[in-house]
Each structure stands twice: as C-alpha cells, then as structure tokens.
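One structure is given below, encoded as structure tokens.
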Amino acid sequence: MKTSTKMYLSIFLSTACIIFYQYQLSKANLLSSGNVDHIDNEVSNNLRRTRIPSTITTTTSLPLTSTTDKTILPPPLYIITPTYKRPEQVAEITRLGYTLKHIPNIFWLVIEDATLPSTQLTRQLKRIGIPFEHFTAPMPNKYKKNKVKPRGVSNRNRGLDWIRANATDGVFYFADDDNTYDLQIFHEMRYTKKVSMWPVGLVTKFGLSSPIVRKGKLDGFYDGWIGGRKYPVDMAGFAVNVKFFLSRPKAAMPYKPGYEEDGFLKSLAPLNNTEIELLASQCTEVLTWHTQTKKNQPASNLDLKKYNGTNLVKLHDIIV
C-alpha cells in the first residue's frame, strides 16, 4: 500500500473515532440531564400541589436529590390564617399568598368564618399554588350577640386542631390576611424551639407592640394596652414550636375579646420568660405590620337589563 494511501486512511479512521466518541459523550449527557429534569419536575409537582398528605407535610425535611448535589428543606412552617367574606377578602388573601410563595416547605391553613367555603377563595388559593387546606369554622352562635365579638378564635382553634391531628414537627404562626410581612421573619421563626416573639408595627397608640429587651433578656412588654395581661403581645408577634404545642394537650385560644393572645400563651404553661426566643435582631427590627385595608362597601346590584350577556355579569359575581 502506498504511503499516501496509508496516511489518508489513518486520518479517516482517527476522525471517525473522534466523532463516535463525541456522539457517545453527548448522548450520556443528554440522558443525565433528562434524569435531573425528571427529578426536578417531580419535586416541583410535590411542592405545588394544593393538597398533600400529612405524611409529606409533617416531615422535618424533604430531600431533593440530583446527580451532583443534595438539598435539604428546612423544618416545615404552618401558617394559620383566619378570614371571612368581605369585598377585600380575595385581594388580601392574594397579597399574603404571593408573599408566602417565597417561603420553602410551607403549608397554609386558611379557615373561613362561614358555614360554607367560598368557591372563589378556593379557586384563588389553587391559583396561587402553594400547599394549603381550606376549612370553615363559624363563630359559635352564643358569641354572635356580644357587643364585642371574639373574632377569629374559632378559625384559629380549627387550625390548632389540624396541627394536633396532622403535624409532628416544625413551627406554626397565626398570620392574618390584612397584615404585611417581611420575608425575613418567616426564616427566623422557623427554628423556634418553644415560643419566639418580636415587634409588630402600626398597632396600638404607641405605634407598635413589642417585648422589652434589657441586657439581652426579656424584661417586660411595650403595648398600648396592658389590661392585666401576662403576655400583652399582638397576634402577629409570636410563633410556636409544634412539638412544644403537642406536649400541651389543653392549649387553646379562649373566646375572650382582647385576651386571645394572652389566654393562648398562658395555656402553654409551664413557659418561662427565659425560654422565649427574641427574634428580629433582639427585637430591634420591625418585620411585621398591621396594614389594615380600608373597608369597602358591598358592590351595588348590576343592571341585568342593560348589561346581560356581557363580561360584567361574570365580573360582578366575583365582586362581593
């Protein structure tokens, strides 16, 4: 065989080997990428389901694995939100929901003061896309005649019942739908060992409600109304560890207007002030606010003679 022919044959075989090797390498990478995508999609679907079994929501972590690394979710955080039908309801739930959507490993308990759940609210909760349960817990009739009503107590106690039946670990927090929250407070409260507290802004005549911290220790409470309460704090200013709560089988919120927070925290006894964790940089930051929405009047009736057959009919069904 001539030298030139041998040379060309050698070049051809070398080129073919290189092409074959590159093809096998790209095929392997494609398969590996596909496996990662499958895992990511499966995890994403689990996290975005609107209703998930307690065996998933009550575990302390859900491992996310890929071919290169492992990510462990933080302890679960349960958010208990009382609500009731009004023109602002869906708007405020939407605002809170998209705040909570930034928080990992979260489960949202939305409880209406109603006999039947609002289909519009359920639809919006599904649209927001974080794991949730939507319950009803109407206020007992015997309290509806009171001049000052214990609003939100039946809702919160219903959420506590769910915690007892389904949760084993993590932390829960009462988050009203008309408040504003800095994401940092959710990250801090998640690791509460028993009870944690922090300041709440735009509440009481003092402009805030807060634990008093002196030399790094809890030294009382600053609130516009003490009222003989042992714990004169705002509902948005504390979180509770699930295991600690479960160890207090009689813990519940009382139907006593103005004393709901105090009564609930006292029901967690024994609880020493030295065991209360002070968050928000030792209570020097405001990370939650009472930004109550202006109340709107119910919408006037739609003139069906004039607007029947238009988009306004569907829109009017949405507006309370």
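Count residues from 1 along the sequence.
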Check: Are any side-chain N or O atoms of Asn241 and backbone N or O atoms of Phe244, one a donor and one an acceptor, separated by less than 3.5 Å?
Finding: yes
Next item on the list: Anything under 30° is parallel, anything over 60° is perpendicular, the rest tilted; go ahead and classify Tyr143 against Tyr255.
Entry: parallel
Item checked: Donor-acceptor pair, side chain of Thr204 and main chain of Leu208, under 3.5 angstrom -> yes
Notebook entry, point to check: Is a side-chain donor or acceptor of Glu112 paired with a backbone partner of Ser118 at a separation under 3.5 angstrom?
Noted result: yes
Check: Got a donor-acceptor contact below 3.5 angstrom from the Gln124 side chain to the Thr122 backbone?
Finding: no
Notebook entry, point to check: Any side-chain heavy-atom pair from Asn146 and Val148 closer than 4.5 angstrom?
Noted result: no
Next item on the list: Walk me through it: do Leu121 and Val110 pass the test side chain to side chain contact (heavy atoms under 4.5 Å, CB included)?
Entry: CA-CA 10 Å; Leu121 182 58; Val110 181; 4.2 Å; yes
Next item on the list: Establish, for the pair Lys256 and Tyr259, whether the NZ or CZ atom is under 6.0 angstrom from the six-membered ring centre and no further than 45 degrees off its axis.
Entry: yes
Item checked: Interatomic spacing from CG in Leu218 to CD1 in Ile276 - rounded to 0.5 Å -> 5.5 Å
Check: In Å and rounded to the nearest 0.5 Å, what is the CG to CZ distance from Asn179 to Phe174?
Finding: 13.5 Å
Next item on the list: Any chance you could measure His290, atom NE2, to Met235, atom CE, to the nearest 0.5 Å?
Entry: 9.0 Å
Check: What about Phe238 and Val203, same hydrophobic cluster or not, with Ile/Leu/Val/Met/Phe/Trp/Tyr joined at side-chain heavy-atom distances under 4.5 Å?
Finding: no
Next item on the list: Using ring-ring contact (aromatic ring centres under 6.0 Å, His included) as the criterion, point out the one residue from Tyr173, Phe132, Trp162 that pairs with Phe107.
Entry: Trp162
Margin query: Between Asp262 and Arg229, does any NZ, NE, NH1 or NH2 come within less than 4.0 Å of an OD or OE carboxylate oxygen?
Written below: no
Check: Do you reckon Val200 sits in the same ILVMFWY cluster as Leu202, going by side-chain contacts under 4.5 Å, direct or chained?
Finding: no
Item checked: Residue pair Trp225 / Lys205, side-chain heavy-atom distance below 4.5 Å -> no
Notebook entry, point to check: Are any side-chain N or O atoms of Glu277 and backbone N or O atoms of Lys194, one a donor and one an acceptor, separated by less than 3.5 Å?
Noted result: yes
Next item on the list: Measure the CD1-CH2 distance between Ile80 and Trp108 for me, rounded to the nearest 0.5 Å.
Entry: 13.0 Å
Margin query: Less than 4.5 Å apart, side chain to side chain, heavy atoms only: is that true for Val195 and Leu265?
Written below: yes
Margin query: Are Leu268 and Val240 packed together at the side-chain level, in the sense that at least one heavy-atom pair is separated by less than 4.5 angstrom?
Written below: yes
Item checked: Rounded distance (nearest 0.5 Å) linking atom CG of Leu109 with atom CD1 of Ile163 -> 5.5 Å
Next item on the list: Please check if the side chain of Glu261 supplies one atom and the backbone of Asp234 the other of a donor-acceptor pair under 3.5 Å.
Entry: no
Next item on the list: Find out whether the Lys NZ or Arg CZ of Arg86 is both under 6.0 angstrom from the six-membered ring centre of Tyr84 and within 45° of the ring's axis.
Entry: yes
Margin query: Check whether Lys217 reaches the backbone of Arg214 with its side chain - one donor and one acceptor, N or O, closer than 3.5 Å.
Written below: no
Next item on the list: Considering non-hydrogen atoms only, spot the tightest contact between Asn155 and Pro82 and give its length.
Entry: CB-CB, 3.4 Å
Check: Would you find more than 12 non-hydrogen atoms of other residues, nucleotides or ligands less than 6.0 Å from Tyr307 atom OH?
Finding: no
Next item on the list: Establish whether Ile130 and Leu125 are linked, either directly or via other cluster members, by ILVMFWY side-chain heavy-atom contacts under 4.5 Å.
Entry: yes
Next item on the list: Locate the shortest heavy-atom distance separating Gly216 from Leu278; write the atom from each residue and the value.
Entry: O-CD1, 4.2 Å
Notebook entry, point to check: Hey, does Phe186 have a side-chain heavy atom less than 4.5 Å from the side chain of Val171?
Noted result: no
Note to self: Check for me, please, whether Phe245 and Tyr191 land in the same ILVMFWY cluster - side-chain distances under 4.5 Å, paths through other members count.
What the structure shows: no
Notebook entry, point to check: Is it true that a side-chain atom of Arg248 and a backbone atom of Ser267 form a donor plus acceptor pair closer than 3.5 Å?
Noted result: no
Next item on the list: Given side chain to side chain contact (heavy atoms under 4.5 Å, CB included), test Ile185 with Trp198 step by step and report yes or no.
Entry: CA-CA 9 Å; Ile185 196 59; Trp198 56 87; 3.6 Å; yes
Next item on the list: Kindly give the heavy-atom pair with the smallest separation between Pro75 and Gly170, and that separation in Å.
Entry: CB-CA, 4.4 Å
Next item on the list: Indicate yes or no for a side-chain donor-acceptor contact from Ser209 to the backbone of Val233 under 3.5 Å, with no hydrogens or angles considered.
Entry: no
Notebook entry, point to check: Which heavy-atom pair separates Ile103 from Thr99 by the least distance, and what is that distance?
Noted result: CG1-O, 4.2 Å
Next item on the list: Work out which heavy atom in Pro199 is nearest to a heavy atom in Ser210; give both atom names and the distance.
Entry: CG-OG, 3.5 Å
Check: Do Val286 and Ile212 share a hydrophobic cluster, counting only Ile, Leu, Val, Met, Phe, Trp and Tyr and linking them when any side-chain heavy atoms are less than 4.5 Å apart?
Finding: no
Margin query: Would you compute the distance between atom CZ of Arg151 and atom CG of Asp113 and round it to the nearest 0.5 angstrom?
Written below: 8.0 Å
Note to self: In the structure I gave you, are the side-chain heavy atoms of Asn308 and Val313 within less than 4.5 Å of one another anywhere?
What the structure shows: yes
Notebook entry, point to check: Under 6.0 Å from the NZ atom of Lys250, do we count more than 12 heavy atoms belonging to anything else shown?
Noted result: no
Next item on the list: Please assess Arg156 against Ile111 for the test side chain to side chain contact (heavy atoms under 4.5 Å, CB included), listing each intermediate value before the final yes or no.
Entry: CA-CA 8 Å; Arg156 297 185 183 99; Ile111 305 108; over 6 Å; no
Next item on the list: Could you tell me which non-hydrogen atom of Thr192 sits nearest to which non-hydrogen atom of Ala239, and how far apart they are?
Entry: CG2-O, 3.9 Å
Next item on the list: Please step through side chain to side chain contact (heavy atoms under 4.5 Å, CB included) for the pair Asp223 and Phe206, ending with a clear verdict.
Entry: CA-CA 7 Å; Asp223 193 270; Phe206 293 153; 5.7 Å; no
Checklist line | N/O donor-acceptor pair under 3.5 Å between Ser281 side chain and Thr284 backbone | finding: no
